[in-house]
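Quick note: numbers below take in every heavy atom, side chains included, and nothing from hydrogens, waters or symmetry partners. Order of the sequence lines sets the chain letters (A, B, ...), proteins ahead of strands, with each chain counted from 1. Being a predicted model, the structure only gives us computed values, none of them experimental.
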2 protein chains.
Amino acid sequence: MPRGGATAQKSGEEPQDQIRPLADVSALPRSNGGRTRQLNEDRILRAAEAVFAEAGFNGTTMQAIAEAARLPKANLHYYFGTKEGLYRALLNRVLDGWVDAFDHFQPDREPADAFADYVRDKMRFTRQRPMASKVFANEIIHGAQHVSHYLKTKLRDRVDEKAVVIADWVKSGKMASVDPHHLFFSLWAVTQTYADFDVQVAAVLAKPKLGREDLDDATNHILRLVLRTCGLPETRPETGPETGPETGIEHHT
Amino acid sequence: MPRGGATAQKSGEEPQDQIRPLADVSALPRSNGGRTRQLNEDRILRAAEAVFAEAGFNGTTMQAIAEAARLPKANLHYYFGTKEGLYRALLNRVLDGWVDAFDHFQPDREPADAFADYVRDKMRFTRQRPMASKVFANEIIHGAQHVSHYLKTKLRDRVDEKAVVIADWVKSGKMASVDPHHLFFSLWAVTQTYADFDVQVAAVLAKPKLGREDLDDATNHILRLVLRTCGLPETRPETGPETGPETGIEHHT
DNA sequence: GTCTATACATAGATAGAC
DNA sequence: GTCTATCTATGTATAGAC
């Protein structure tokens, strides 16, 4: 992950990825080198992810996060200052893993493999961190007030860079003609919809909630969709070894 | 009611045989049969759609809606009772137009035409009512507290019904094998992403905001994606006869 | 470092004049 | 039917005891 140039922002913005230097406090009776701080911050961030995802920024109260983290409310203010500070720390954490998945698009790779790996990565994230996806989606829907700079710089640059790779694949006849930018929008949409709109998907599928099998079905469907869109040969489905390869339309309702 | 001796009227129902001295119509100078009510409710709902979309349910204040509608805050409570009442009225309004688009999937139609019409309908909605889409997306992301019943009944039934149509198309060899339910999820995702996540799309495309041309590009991309996924012949693009490529990556077929 | 008690602001809702 | 003034609840944030 290349660390971009330090975009000097005024208002109390702090780089989240280096909380290394500590040892600043004067009296630390039994200081364990900021270990409790590390643990508590992580505990708070995990609680915050769930609460912010469920209620949105304004719907979230510090009280609710405190209860989810089983810590007193004032503790959150001690560690993160303000509610917005906590929210930004959480967003930074989520965004960190967002751009890395692009690494699959290397010019010398087989397009089919690159797309398959990318989709599987995104769906893995959807399965493992659905709350994180919701926090991010909520932030974008409401205008991306806190991440617009990131979108216009780091994300855009990264997408443009990989759009060239895909355009080259098209030019060299390795895949069908597709608009690379809109292809990315589609990839994000079809994968993240299973995290962000999970209750809608579950409701339509008549399930109480989405299970592992549902997300495997979804992954296979998306792989087909992407490979066919790009005119690439379809690979084997994701499902386990015991169940035979299924290519037909199977849905359990 | 300025008339003296006002009997305590609890509910809206009142005995008919009771003589009521209501000849006094001072409070109704020129009653237009609820016409002003109709107008004001519509005015409030339009304002509410914009504010709820931007701030979410909890982030929205009745004050903000009142200012957007240029009406006193108490007026909203007079017409809709509570904030939640107003929100539900708004959601119902949005959902009304949501299910109708399914009508394009008729068994005797050509699949390619049905999908193309459906996609164009959804994208038209995305262009004309992006705020409505955001309100709905926000509601789903946060657990669909107010619409879960609708999702599990009306929407599910409608999707199941149309999934059969698509499954029949597959069986009769009219289109490639695709899971109908997941295909719908994908259709919703790729179309609504241009309304819900418009700021992200605009940021990546280096545009201040999404324009008509961007959405035309998106529509053409989605049409290609859907038709290829379903193994259907690609129809002509949406745009006019002579449109130049936008970013140089576009290819005409 | 931790947490109780509280200050201060703003929200939703309504009473009552017009 | 309309709107001003106000009540009450709740939220963020912090001061200060431990």
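- For the pair A:Leu86 CG and D:dT12 P, the computed distance is 11 Å after rounding to whole Å.
- A salt bridge between B:Asp160 and B:Arg156 is absent, with no side-chain N of the basic residue lying under 4.0 Å from a carboxylate O of the acidic one.
- Atom CZ of A:Arg70 is separated from atom P of C:dT2 by 18 Å (rounded to the nearest Å).
- The only member of B:Lys134, B:Lys207, B:Lys209 that meets side-chain hydrogen bond (donor to acceptor under 3.5 Å, both in side chains) when paired with B:Asp198 is B:Lys134.
- Listed nucleotides: D:dT2, C:dC3, C:dG12. Nearest to the side chain of B:Asn75: D:dT2.
- Between B:His181 and B:Phe184, the distance separating the two ring centers is not shorter than 6.0 angstrom.
- Between A:Asp103 and A:Arg158, at least one side-chain N (NZ, or NE/NH1/NH2) sits under 4.0 Å from a carboxylate O, which counts as a salt bridge.
- Distance from the side chain of A:Thr82 is smallest to D:dA13 among D:dA13, D:dT4, D:dA15.
- Nucleotide C:dG12 holds its C1' atom 12 Å from the CD1 atom of B:Ile65, rounded to whole Å.
- A sub-4.0 Å separation between OP1 or OP2 of D:dG1 and a side-chain N or O of B:Tyr78 is present.
- Straight-line distance from the CD atom of A:Gln63 to the C1' atom of C:dT4: 12 Å, rounded to whole Å.
- Separating the NE2 atom of B:His77 from the P atom of C:dG12 is a distance of 7 Å, rounded to the nearest angstrom.
- Distances shown here put a side-chain N or O of B:Asn40 below 4.0 Å from the OP1 or OP2 atom of D:dT2.
- Of the candidates D:dT4, D:dT14, D:dT12, the closest approach to any side-chain atom of A:Met62 belongs to D:dT12.
- Nearest to the side chain of B:Lys83, among C:dA13, D:dA13, C:dC3, sits C:dA13.
- Within 4.0 Å (heavy atoms only), B:Asn58 reaches no atom of the nucleic acid at all.
- Counting non-hydrogen atoms under 4.0 angstrom, A:Tyr79 reaches the backbone sugars and phosphates but no base.
- One atom, CD of B:Glu41, and another, C1' of D:dT2, lie 15 Å apart when rounded to the nearest Å.
- Atom pair A:Phe80:CZ and D:dA13:C1' shows a separation of 16 Å (rounding to whole Å applied).
- In this structure, of D:dG11, C:dC3, C:dA15, it is D:dG11 that holds the atom nearest to the side chain of A:Thr61.
- In terms of position along DNA chain D, the nucleotide closest to B:Pro72 lies nearer the 5' end than the nucleotide closest to the other residue of the pair A:Thr60 and B:Pro72.
- B:Lys73 places its NZ atom 7 Å from the P atom of C:dG12, with the value rounded to the nearest Å.
- If you look at B:His142 and B:Phe57, their ring centroids are not closer than 6.0 Å.
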